[in-house]
Peer 1: 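Input: one structure, supplied below.
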Amino acid sequence: MLDARTLTNSNSGNRSILTLRNIWRSYCGRQAFWVHGHESFGSVDDYDSNNGTDDDREVNLKIYSAFEGVNSFPFKRIIFQFWRPLDDGGGGRLLLESYRNAFAVSPYNRRLRDNYRVCSTKYQYSIDQGDNKINHPAWIINGGPVVTTFLNRFPEVVLDMRDHQGSPLAVCGLECDLKCCVMLPVFHSASSECVGVVECSMKHPALLLPIFIELKRELERVGLLTIFPVQGSWPHKTISGDMEVAKLEIEKALEIVCESHDLTLGQVWIPYEPNACQKFLVKLSGYSVYFDDDPLSSIKDFYDKFDVISLNTGAGGLAWKTLQTHQPHLCRNIYKVSDNKGVLALLSANAKSKCASFVICLRSAHTRELDYSFEFFWPCTRNHLLLLETLLLTLRNYLPSFKFASGEQLGDELFVVDVESSSLSTTIKILPGNKLSEAPKALNETRATVGVTRKYTLTDVNNPEGAAADDDLAILASYRYESLLFYLPSSSTFENVMEKLNKEFELDPARSYKVQYEVSPGQWCGLTCLESCQRIEDMGLIKLRVLPTVREAGWRWITNT
């Protein structure tokens, strides 16, 4: 089965499949699909009447190519699909649909293929603003992350689909073990027109960031943008004063500070409001220090993809909070910040985001009232107090025209908000160059977090190693002409596997069977215990096959070859 409403007028088998670009990969993991052309929908006129244009086909081909290029975690519970806008053809509604559009999923994952994907093709989203009071047909959904992504023109992250259980697709997703998702708007590279939304839904939040980075890279490779190109003049072209002088000062200071203090990343943001409806943080400059096997490379990769952050989605993080309050903020582990919103929620879901951040708001004499948010990242293991003191002294030496937006000079006594978690914070006093800096005693100790309420309680979000502990075994099993991809906890026993095989393949209890696992391509051995199984290299997959035997009457498992 290729799609919910697949070939209705197909030609001969293999040629038809190739013509329709259903290119199956050589392995049985996630594969990209796109059914297009009049072969599957009757006449060309019928296709065009359903908003099938040359532009639609071109975009879908690019989306298909991008999906095909994402190779990470091919056997995890992950599905990609593309939602494109269309007019409902007379009802006056603007809708988003996934039917007829490119998608990617493992064809052996029945629940995602036959349930969630099929369910997605049966529904459409209304994208008309102010449309919530209109009674729609049952197959039209109001609101949701797909809609907000399209309207805000910026990526949207959902760490817990239970927050959207009013949507039939969210309910279906939860039933298929999908717990979180990221949505990316897609733009033609030559214009600001949003041509649709790419959905990536999965089980484990810890996989959101690496999949997001790879998917974004693949979309850009095929010539599609995923960040709204801000219209009008860039901020520095409309700001009074000498912006270029201030910018050169910032660039030199970032390079010296990051190199001399071995900082993971330093970057500077400024606010920008092109109109009354849009508000952004725009990155003015940034500098990274690269190391071999850098554990914080995902932080650099993430921010390397974002020169603009939309504040309409509630994103902005500490950089925006610092601009609003003019108070310096220190977060000793951004992985524990559970109130990150919008695209920044990707950092809260990724265990490799275990780094500290420090943000200050400065102003330059060259640009007077313009606020700059200076943001720095370093590993959690560093001595934060000592680093803050020396960092501020270095900034004072290389930012001569800057001072704090609150009026203090760099090097003066400074009170910093120490953000421990979602709602708890304390204040520490920094005296650069003075050993008498005051801070709560507990700051220099290993503190247990007490009374902290987190917004999300998913296993992956709270798992300190970010390991998918409850989804560690991906098993591809085959019986006769049927293959099935399923998942079991890493703690599963041999008996658990046998029960799963019996249930999924509905094996005849009156017969005997033997189970084998693939040792190497084409070589099989009898399965006696899970520890003996070898996984396909770089894929984390165990391949099993069930063979009937007539050795004994009655049903029992025979594991010897």
Side-chain angles (χ1 to χ4, degrees), residues 148 152 154-157 228 230 234-236 238-241 243 246 250 254 265-286 302-303 306-334 336-348 356-365 367-377 388 391-392 395 399 402-410 412-430 455:
T148 55
N152 290 327
F154 207 78
E156 183 86 9
V157 179
F228 178 60
V230 179
W234 281 100
H236 61 272
T238 59
I239 293 171
S240 59
M243 183 69 171
I250 289 171
L254 287 181
L265 174 67
Q267 54 192 10
V268 176
W269 304 89
I270 57 176
Y272 178 44
E273 297 184 42
N275 53 58
C277 300
Q278 295 176 310
K279 186 181 297 184
F280 300 94
L281 281 180
V282 177
K283 187 188 298 183
L284 186 65
S285 184
F302 172 80
Y303 279 110
F306 285 97
D307 291 328
V308 178
I309 291 181
S310 172
L311 299 174
N312 293 31
T313 62
L318 292 182
W320 176 238
K321 184 179 293 186
T322 301
L323 281 174
Q324 289 179 303
T325 64
H326 291 176
Q327 289 182 301
H329 285 79
L330 168 68
C331 178
R332 291 177 290 111
N333 191 345
I334 64 175
K336 294 183 177 180
V337 179
S338 59
D339 62 350
N340 270 336
K341 297 180 180 179
V343 72
L344 294 183
L346 290 170
L347 299 178
S348 298
S357 69
F358 176 58
V359 192
I360 55 177
C361 183
L362 303 180
R363 287 181 179 176
S364 170
T367 51
R368 295 183 286 279
E369 299 301 315
L370 176 64
D371 290 337
Y372 300 81
S373 184
F374 284 70
E375 187 173 31
F376 302 96
F377 297 88
L388 286 180
L391 186 152
L392 289 169
L395 288 176
L399 292 175
F402 283 82
K403 64 179 181 180
F404 287 101
S406 53
E408 298 89 348
Q409 298 292 328
L410 284 164
D412 289 350
E413 176 181 290
L414 181 67
F415 289 91
V416 177
V417 177
D418 175 25
V419 181
E420 288 189 2
S421 57
S422 58
S423 59
L424 302 179
S425 63
T426 54
T427 301
I428 58 177
K429 183 191 293 184
I430 303 296
K455 182 176 181 181

Peer 1: Applying the side-chain hydrogen bond (donor to acceptor under 3.5 Å, both in side chains) criterion to Thr322, which one of His329, Gln327, Glu375 satisfies it?
Peer 2: His329

Peer 1: Taking all atoms of both residues into account, what is the closest heavy-atom pair of Trp320 and Pro271, and its distance?
Peer 2: CZ3-CB, 4.3 Å

Peer 1: Would you mind reporting whether Arg363 and Arg368 have side-chain heavy atoms less than 4.5 Å apart?
Peer 2: no

Peer 1: Are Phe404 and Asp412 close enough that some pair of their side-chain heavy atoms sits under 4.5 Å apart?
Peer 2: no

Peer 1: Could you grab the distance from atom SG of Cys331 to atom CG of Leu318, nearest 0.5 Å is fine?
Peer 2: 6.0 Å

Peer 1: What are the two closest heavy atoms between Ile270 and Asp371, and how far apart are they?
Peer 2: CG2-O, 3.8 Å

Peer 1: Measure the shortest side-chain to side-chain distance between Thr325 and Val417 over non-hydrogen atoms and say whether it is less than 4.5 angstrom.
Peer 2: no

Peer 1: Is there a side-chain contact between Ile250 and Phe374 in this structure, where contact means two heavy atoms from C-beta onward sitting under 4.5 Å apart?
Peer 2: yes

Peer 1: Please find the pair of heavy atoms, one from Tyr372 and one from Thr367, that lie closest to each other, and give the distance.
Peer 2: OH-OG1, 2.7 Å

Peer 1: Do Leu254 and Ser285 have side-chain heavy atoms sitting under 4.5 Å apart?
Peer 2: yes

Peer 1: Identify the two heavy atoms, one from Val282 and one from Tyr272, that lie closest to each other, and give their separation to 0.1 Å.
Peer 2: CG2-CB, 3.7 Å

Peer 1: First locate atom OG of Ser373, then atom CD of Gln324, and finally report the distance between them rounded to the nearest 0.5 Å.
Peer 2: 10.5 Å

Peer 1: Hey, what do you get for NZ (Lys279) to CD (Glu273), rounding to the nearest 0.5 Å?
Peer 2: 4.5 Å

Peer 1: Counting only heavy atoms not in Lys283, do more than 12 sit closer than 6.0 Å to its NZ atom?
Peer 2: yes

Peer 1: Name the orientation class of the two ring planes belonging to Phe376 and Phe358 (parallel below 30°, tilted from 30 to 60°, perpendicular beyond 60°).
Peer 2: parallel

Peer 1: Set out, in order, the CA-CA distance, both residues' side-chain angles and the distance that settles side-chain contact (heavy atoms from CB on, under 4.5 Å) for Leu362 and Leu410, then state yes or no.
Peer 2: CA-CA 9 Å; Leu362 303 180; Leu410 284 164; 4.2 Å; yes

Peer 1: Search all heavy atoms of Val359 against all heavy atoms of Ala319 and return the closest pair with its distance.
Peer 2: CG1-CA, 3.9 Å

Peer 1: Side chains of Ser364 and Leu370: does their closest heavy-atom pair fall under 4.5 Å?
Peer 2: no

Peer 1: Side-chain contact test, heavy atoms from C-beta onward, threshold under 4.5 Å: evaluate it for Leu395 versus Ile360 and give yes or no.
Peer 2: yes

